2 protein chains.
Amino acid sequence: MENNQLKLENQICFKIYSAEREITKLYRNLLEELDVTYPQYLVLLVLWEEKSMTVKELGQKLFLDSGTLSPMLKRMEGNNLIERRRSLEDERMVIISLTKKGEDLKVKAQCIPSKLLENLSIDMKELKNLNQILSTILAKIQQKI
Amino acid sequence: MENNQLKLENQICFKIYSAEREITKLYRNLLEELDVTYPQYLVLLVLWEEKSMTVKELGQKLFLDSGTLSPMLKRMEGNNLIERRRSLEDERMVIISLTKKGEDLKVKAQCIPSKLLENLSIDMKELKNLNQILSTILAKIQQKI
DNA sequence: TAAAATTAAATTGCATACAATTTAATTTTA
DNA sequence: TAAAATTAAATTGTATGCAATTTAATTTTA
């Protein structure tokens, strides 16, 4: 009696794991021009929507903790993309905001989503479907935590 | 005119990125008993199917290069899960095989796929759907490379 | 067949991830 | 209100990932 469940090809999570890395590689090419990594690009996406935000809030949006964010934000500060300053009301908090350079990168980034989708060459119906299923999964996992 | 494409919530790839990490966290709990990480578990899955394999073949199955595999396999060797030996026919190649301990872990691993699916609590129809979409995406990306 | 090209792993360097701990500030509570 | 508990970031330590380079072995080619 074979155990098919332990076969690699039947591992749905392996597909997610592989797809994540392959897609990140596609992004790497597109983001080269902006000189940011994919996680850094996500930080920029958040800050382009909301001018400033604490490290904690950023972490809640991106599902990342300070162990990941602190050094990454330090690198982004070093590259002059963001500024970090302690909150005056509560000195425990660090407020992250965009520099002029970080703000201006948004223009260059406009084309990235469409280019990425073009690279993926997936049709809109499937895309919406995928989006919906992943949202469901994420919500279910998050709910458990 | 708002640019919705640059909004985080519309980033399908962010969902894949997040889902990958959340699922890996679920695995982390399940794999604790086996004392392996998720990528190490993937190596074991492959070796449980085929007794032995070169580093290159392993990399082709898992989409990982020697920069990732070499140190990981060294750690697994250190934990007595696998053995590494140079091929006699071609000394460039390193052949990876399971130790008794690595082979025996398969029994303990039997329950993991079902437990994981239970944690995900996604219905079979959605699962098959997700599987199909991700396979399509992976195939399209792979084809480009 | 000897030099050039190719190939398989390993190594180097950098950037995530994340658990666990530490530090400093704030809030709660006895 | 002073000690205890909580909270936000940073730090520490470990394990991926991956591009680029190096090393050693094999194959190709001039």
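To find a chain, count down the sequence lines: A is the first, B the second, and so on, and within it residues start at 1. Everything quoted here is computed from the prediction, not taken from an experiment.
In this structure, CD1 of B/I23 is placed 15 Å from P of C/dA17, rounded to the nearest angstrom. Rounding to whole angstrom units, CG of residue A/L58 and P of C/dA17 are separated by 13 Å. Going from atom CZ of A/R75 over to atom P of C/dG13 covers 17 Å, rounded to whole Å. Straight-line distance from the OH atom of A/Y17 to the P atom of C/dA17: 13 Å, rounded to whole Å. Look at CE on A/M76: it is 12 Å from P on C/dA15, rounded to the nearest Å. Atom CE of A/M72 is separated from atom P of C/dC18 by 11 Å (rounded to the nearest Å). In this entry the distance linking CD of A/E77 with C1' of C/dA15 reads 17 Å, nearest Å.
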Item to check | Candidate pair A/S52 and A/E83, rule side-chain contact (heavy atoms from CB on, under 4.5 Å), full reasoning | outcome: CA-CA 10 Å; A/S52 73; A/E83 278 170 356; over 6 Å; no
Next on the checklist: Determine whether A/T37 and A/L31 satisfy the following criterion, side-chain contact (heavy atoms from CB on, under 4.5 Å), listing intermediate values before the conclusion.
Outcome noted: CA-CA 7 Å; A/T37 64; A/L31 293 175; over 6 Å; no
Item to check | Stepwise side-chain contact (heavy atoms from CB on, under 4.5 Å) check, B/L58 with B/L73 | outcome: CA-CA 11 Å; B/L58 210 43; B/L73 293 171; 4.0 Å; yes
Checklist entry - Are A/E57 and A/E50 close enough, and set up right, to give a side-chain contact (heavy atoms from CB on, under 4.5 Å), and what steps lead you there? => result CA-CA 11 Å; A/E57 289 168 328; A/E50 298 190 43; over 6 Å; no
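Nucleic acid contact class of A/L69 (heavy atoms, under 4.0 Å, all strands): none. Contacts of B/E32 with the nucleic acid, taken as non-hydrogen atoms under 4.0 Å apart, are absent. Contacts of B/T24 with the nucleic acid, taken as non-hydrogen atoms under 4.0 Å apart, are absent. Among the heavy atoms of the strands lying under 4.0 Å from B/E89 are primed sugar atoms or P, OP1, OP2 only; no base atom is included.
B/I95 is not connected to B/M72 by any chain of hydrophobic side-chain contacts under 4.5 Å among Ile, Leu, Val, Met, Phe, Trp and Tyr, and they are in different clusters.
Each of A/T68 and A/R28 was assigned the nucleotide of DNA chain D with the nearest heavy atom; the assignment lying further toward the 5' end belongs to A/T68. Annotation: of the two residues near DNA chain C, A/Q40 and A/R92, the 5′-most nearest-nucleotide partner is A/Q40. If A/P71 and A/R21 are placed on DNA chain D by their nearest nucleotide, the residue sitting closer to the 5' end is A/P71.
Salt-bridge formation is detected for the pair B/D90/B/R92: a Lys NZ or Arg NE/NH1/NH2 atom is positioned less than 4.0 Å from an Asp or Glu carboxylate oxygen.
On the nucleic acid side, DNA chain D has its first and last nucleotide under 4.0 Å of a heavy atom of chain A at D/dT7 to D/dA19, going 5' to 3'.
In this structure, A/S18 OG and A/Q11 CD are separated by 11.0 Å, a value rounded to the nearest 0.5 Å.
Within the 4.0 Å cut-off from OP1 or OP2 of C/dT11, at least one side-chain nitrogen or oxygen of B/K74 is found.
Under the Watson-Crick and G-U wobble criteria, each requiring two contacts below 3.5 Å, nucleotide D/dG17 is paired to C/dC14. The base-pairing partner of C/dA24, taking Watson-Crick or G-U wobble contacts with both distances under 3.5 Å, is D/dT7. Within the shown strands, C/dA2 is the pairing partner of D/dT29 under the Watson-Crick or G-U definition, both distances less than 3.5 Å.
Checked options B/K101, B/K100, B/K108; the residue passing with B/D104 is B/K100 (criterion: side chain to side chain donor-acceptor pair (under 3.5 Å)).
Checking C/dA19, C/dT16, C/dA17 against the side-chain heavy atoms of A/T37 singles out C/dT16 as nearest.
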